[in-house]
Amino acid sequence: MTSMEVKEVVDHPIKLRVMRLGKPAMVNSKVVTCDSKDLPGNALNAHLKKEVTTLANAETLAAGSFLMVPNVLENLYLGETFLCYIYLKNESSQTIHDIILKAEIDTATSHIPILGPKAFPKLDPYASIDVIVKHEVKEHGSVNKLICQVEYDRKHSFETIFSYRVPKPLDLKTKFYNTVTDEVYLEVQVQNIMSTPITLEKFILEPSVGYDVNLMNHLLTSSENKSVFGDFDILDVKETRQYMYRLSLDQTSEKNPPRTNNLGKLDILWRSNMGTKGQIQSSPLVRQIPELDDITFSITYLPDMVFCEEQFDFTCSIKNNRNRDMQLVVEVSDEEDSNLAWTMISGIHLRLLPPYSTIKTVFSMVALNHGLQVISGIKLKELILNRTYTYNNFGHVFVTQNHS
Amino acid sequence: MDRKTPELRPAINEYFKDPSPSSNLFDDISSHAATDTKREEPAVCRIFQQIETKKTDIFDIIKSSDNGHTNSPGFEIREVSFLNTGNDRIDPLNIFSHELELSSIPTEDERRRFAWIPSTKTKNILEKASQMNHTLPRDMLTMPGVENVNFTNKTYEALVSYLGENEAAAFKSKTTEEVTQDERGLKLLIEDGNYSEALNLTTRLLAMYGQGPGQMGYASKHTKHSLQLWFTRFSLLVKICAWKIASKEALAWDDLDHPDLYMQWYKELYGNKYGSLVPFGFRLLLAELPQYVTPSTNVYKKLFEVLIGVRKIIKNLDNGLAEDGRNVELTVQDRNTTKVLWYTREARVIHSCINCALNQKDFKLAIQLLKDLIETPRLKYTTDHSRSLLSAMGRIFLQVGDLKAHGYFLKSSRLKPQIQETNSENKADYRELIDAALLAIAQNNYKEAYKHFENAYVLNSNNVMVLNNMATCLFYEGQLNNAISLLEDAIQRYPDLALNESLLSNICCFYQFQNSASNKQRLLKYHIISKYKNSVSDLIS
């Protein structure tokens, strides 16, 4: 083991050693074979077949099961488990009494006891105390230490410090896109910045209360929720995946759920070599809430195709985003060069719109020319505060000839 | 130290209580699948040897008949039985729907083994060779030479100083001087495992061809025999991990495609024979080298070139031509034999590609290649080989931390031959136990893994791997002393198998951690013996 660090000042009769344990690795020997009529004959083949590290009946595949305690340890990453062998040995010919063993993790911000103080009445000559300690790493940084303290014979004591670094395993980047209908599209990029390929076993967005999540990481064409990332959940070194989510306000919960800017958090579980497990939760994903206009004006129904010179209707919803009543008048006006014309009365008074409530209105138009046409020319006049809101270029229809 | 030997079964059980052998390791998800599949009698054939008809051999992956001269309807090539997929693929059945005889006429055998398709440029030169006066521009010549290195066995000297002349004598094996200076002597040294002395002998023998030390870059003549010597030399260099020397010597060989490496070039020597002088294994070995040498270059390029070459040959055979595309009439037996040979070679190259991908931690590629091998086999595999491939797949998944490995282990265990025993529960067999143990380790359950390994040991007690893995589990459970005694025991009982680098690396790690004086002595002895055994020279790289 490379990362063993033992600091001893006095020559104590009992010695303490610590070793961080990484997962065992499966080793293989070099596969060299030849035809039996080649010069070396079957000697090399026979050597390979005899090797303890080979896979019987498929000797030429380097997939044996001979386990080896790793000589070089992989890094320990945030979210993984720190596993350590503590070995306390009496190296004298005398029995030692009243041993107390204690271990704690010391990070930049906290002390976490992970063992004891554990008392042992005596330790016979050349006998040992073996303990495996575990600790889930929840803080990254370079100053993490395992401190083991030993007391014996009620007067002597010493401590051993084992330091280790905890780098970050994954790089997460998020982007938010707000829509007028108060949905949020969330884009998450996750990059493996570890030194080994990993398997992403779980990658879940846990939404805050009041949000519904719609996963957008599956192929639409497949019936059985096939992932856009293919069959493998393997994330190679430096490889990045991009997940996409659509979050909408949960309609069922309350009429007006509090608009929280905390959308939720990501729960990620991965495994790497021989099943080394790591799990992290992201900090809350906070979006910048867009400053809402006084009114949210959006189309709720619009035919995508209409016939030339025939009237069509569409519906819009008008939402009052303020804590006051609104008295609205709908005005429509034909734009110059527009190929759509209004076929409705301009200046309709809507009913009084209480705070945060929504009203739906139907609009009628006729198409004058073929092609993709833009809808423009709606004005909402608010009579109480005497304000005008103009909506242009907010929808499209495709106009075709009616052949029937 | 309390020594508990694996022989004392109950004692070992004490390491972990609850030694009850589990019978059903993998959830039996669909039991009907197991009964549906037909159990095939394992038969024999060989991978990457030429097809011989006389005996069974190692590396049996495909079914064949023991005797190629009898009409053997048992040799049907079709989908392996664990598959339900790929109905629209080419059915391997069609290739050998007729009865197969393997052919063993020496000239045919030679043509098959050494067939290779030259590049267009080389082909043109070879076609003109009869008119030209056997001269090639310098850059088209293959001019190899061995590096000036004497491979020495310092370890034997160390053994003498440690054990004394008398005791060390037992470990003394033949030296170059003690064998005949020819192919036979070389074979003896290799069989003896004395690789460094064998390498020195290749140096001498190649010097006779004008390809000795310092002769790289000078024109020399190639024969089949000189190529066999080179192949042997590279095999040994790879065995002892002498990558630097190997890569230097490999430079002269380029792509093994110069005209002077084809039999056509030497009409006076080989008459009207066609083919390469290069043994197929040599081609593959050189293609495998880049992964160990320079990390910057494309490690797969040469491997895939070999694979393409093999597939071209297969295509020619499928189109009714000879291996190298000549329009030659082949007998049915001849054609079948050569197909089997080249299919097995194709599988062997893919194995090498997988090994290379694993070496690069390129697990996606390894999985994809192995998946193809499992799902679209060219040849009918034996049940054992099929199971091994599935186990291999599971292990690759485990290496990258994917517990879907379980699914492959399960598939493997469904192929298990059903033993007709009434009223007895279906006990896990050796392979299932090993796979289950590996899965348990991935789930951090070393106790359970130990139990599985232990049960596997009962089934196949002459197995150093299992003992080593049991020791490893003990160590991860905080039982350093027991782990050490188990390994020491393994060394004592199976010194020949147990004294290998991997096991010594483990025991060395344990000794260092335990840090007692007697350990160091013992370790030294183990190291010396194992090193001498494998002829690993200190001098290399």
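To find a chain, count down the sequence lines: A is the first, B the second, and so on, and within it residues start at 1.
- Looking only at distances, no side-chain donor or acceptor of B/D384 sits under 3.5 Å from a matching main-chain atom of A/N57.
- Counting only distance, with no hydrogens or angles, the side chain of B/N469 and the backbone of A/L67 share a donor-acceptor pair below 3.5 Å.
- A salt bridge links A/D38 and B/R113; the closest N-O separation between the charged side-chain nitrogens and carboxylate oxygens is under 4.0 Å.
- Atoms CZ and CG, from B/F363 and A/L235 in turn, are 13.5 Å apart once rounded to the nearest 0.5 Å.
- Looking at B/Y430, there are no atoms closer than 4.5 Å to chain A (heavy atoms on both sides), in backbone or side chain.
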* Start with the C-alpha gap between A/L44 and B/Y195, add the side-chain angles, then the distance that decides, and say whether side chain to side chain contact (heavy atoms under 4.5 Å, CB included) holds. => CA-CA 11 Å; A/L44 293 174; B/Y195 296 157; 4.2 Å; yes

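- B/C509 and A/M19 get closest at one heavy-atom pair: SG-CE, 4.0 Å.
- Residue contact with chain A, scored on non-hydrogen atoms closer than 4.5 Å, involves the side chain of B/E288 exclusively.
- With chain B as the partner, the residue from A/V27, A/D231, A/V31 showing the most heavy-atom pairs under 4.5 Å is A/V31.
- Here the CE atom belonging to A/M68 is positioned 6.0 Å from the OG atom belonging to B/S502, to the nearest 0.5 angstrom.
- Proximity to chain A involves both the backbone and the side chain of B/L480, based on heavy atoms less than 4.5 angstrom apart.
- Contacts of B/Y292 with chain A are made by side-chain atoms alone, with heavy-atom separations under 4.5 Å and no backbone atom involved.
- Between the side chain of B/S388 and the backbone N or O of A/A56 there is at least one donor-acceptor pair closer than 3.5 Å.
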* To do: Take A/K50 and B/E191 through the salt bridge (charged side-chain N to carboxylate O under 4.0 Å, His left out) test and state the conclusion after the steps.
  => CA-CA 13 Å; A/K50 212 179 75 176; B/E191 276 161 23; over 6 Å; no

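- When heavy atoms are compared at a cutoff of 4.5 Å, B/D402 approaches chain A by way of both its backbone and its side chain.
- Between A/D35 and B/R345 there is a salt bridge, with a side-chain nitrogen of the basic residue lying less than 4.0 Å from a carboxylate oxygen of the acidic one.
- Heavy-atom minimum distance, B/F513 versus A/V18: CE1-C, 3.8 Å.
- For the pair B/Y476 and A/P24, the tightest heavy-atom approach, listed with the atom from each and the gap, is OH-N, 3.3 Å.
- The pair A/E201-B/K404 does not count as a salt bridge, with every side-chain nitrogen at least 4.0 angstrom from each carboxylate oxygen.
- The most heavy-atom pairs under 4.5 Å with chain B, out of A/L55, A/L39, A/L200, come from A/L39.
- Heavy atoms from other residues, nucleotides or ligands lying under 6.0 Å from NZ of A/K118 number 12 at most.
- Taking 4.5 Å as the limit, every side-chain heavy atom of A/V52 sits out of range of all side-chain heavy atoms of B/N468.
- For a residue to count as touching a neighbouring chain, one of its non-hydrogen atoms must lie under 4.5 Å from one of that chain's; by this rule B/N359 does not touch chain A.
- Of all non-hydrogen atoms in B/G478 and A/I132, the two that sit nearest each other are N-CD1, 3.6 Å.
- Of the listed residues B/L227, B/I396, B/I367, the one with more heavy-atom pairs under 4.5 angstrom with chain A than any other is B/I367.
- The distance from the OG atom of A/S65 to the CG atom of B/L398 is 11.0 Å, given to the nearest 0.5 Å.
- With rounding to the nearest 0.5 angstrom, the NZ atom of B/K361 is 6.0 Å from the OG atom of A/S195.
- Among the candidates A/A25, A/P197, A/A43, the residue making the largest number of heavy-atom pairs closer than 4.5 Å to chain B is A/P197.
- Along residues 78-88 of chain A, the residues that come nearer than 4.5 angstrom to chain B, judged on non-hydrogen atoms, are A/Y85, A/Y87 in order of number.
- Rounded to the nearest 0.5 angstrom, B/R395 CZ and A/M26 CE are separated by 7.0 Å.
- For the set B/A392, B/A437, B/S391, the entry with the most heavy-atom pairs within less than 4.5 Å of chain A is B/A392.
- Residue contact with chain A, scored on non-hydrogen atoms closer than 4.5 Å, is absent for B/I350.
- Without hydrogens or angle criteria, B/N355 side chain to A/T60 main chain gives a donor-acceptor distance under 3.5 Å.
- With a threshold of 4.5 angstrom between heavy atoms, A/S29 does not approach chain B through any atom at all.
- Between the side chain of A/K23 and the backbone N or O of B/A442, at least one donor-acceptor pair lies under 3.5 Å.
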* To do: Verify side chain to side chain contact (heavy atoms under 4.5 Å, CB included) between B/Q228 and A/K37, making sure each step is shown before the conclusion.
  => CA-CA 10 Å; B/Q228 287 287 344; A/K37 281 188 187 167; over 6 Å; no

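- Put simply, of A/L61, A/D233, A/D236, A/I198, the one with the most heavy-atom pairs under 4.5 Å next to chain B is A/L61.
- Interface residue B/L229: backbone and side-chain heavy atoms are both found under 4.5 Å from chain A.
- Residues A/F66 and B/L503 are in side-chain contact: their nearest non-hydrogen atoms beyond the backbone lie under 4.5 Å apart.
- Looking only at side-chain heavy atoms (C-beta outward), A/V69 and B/F510 come within less than 4.5 Å of each other.
- Contacts of residues 267-277 of chain A with chain B at a heavy-atom distance below 4.5 Å involve A/R271, A/S272, A/N273, A/M274, A/G275, listed in sequence order.
- Residues B/K239 and A/E51 are not paired through a salt bridge, judged by the lack of any N-O separation under 4.0 Å between the basic side chain and the carboxylate.
- Only the side chain of B/I354 has a heavy atom closer than 4.5 Å to any heavy atom of chain A.
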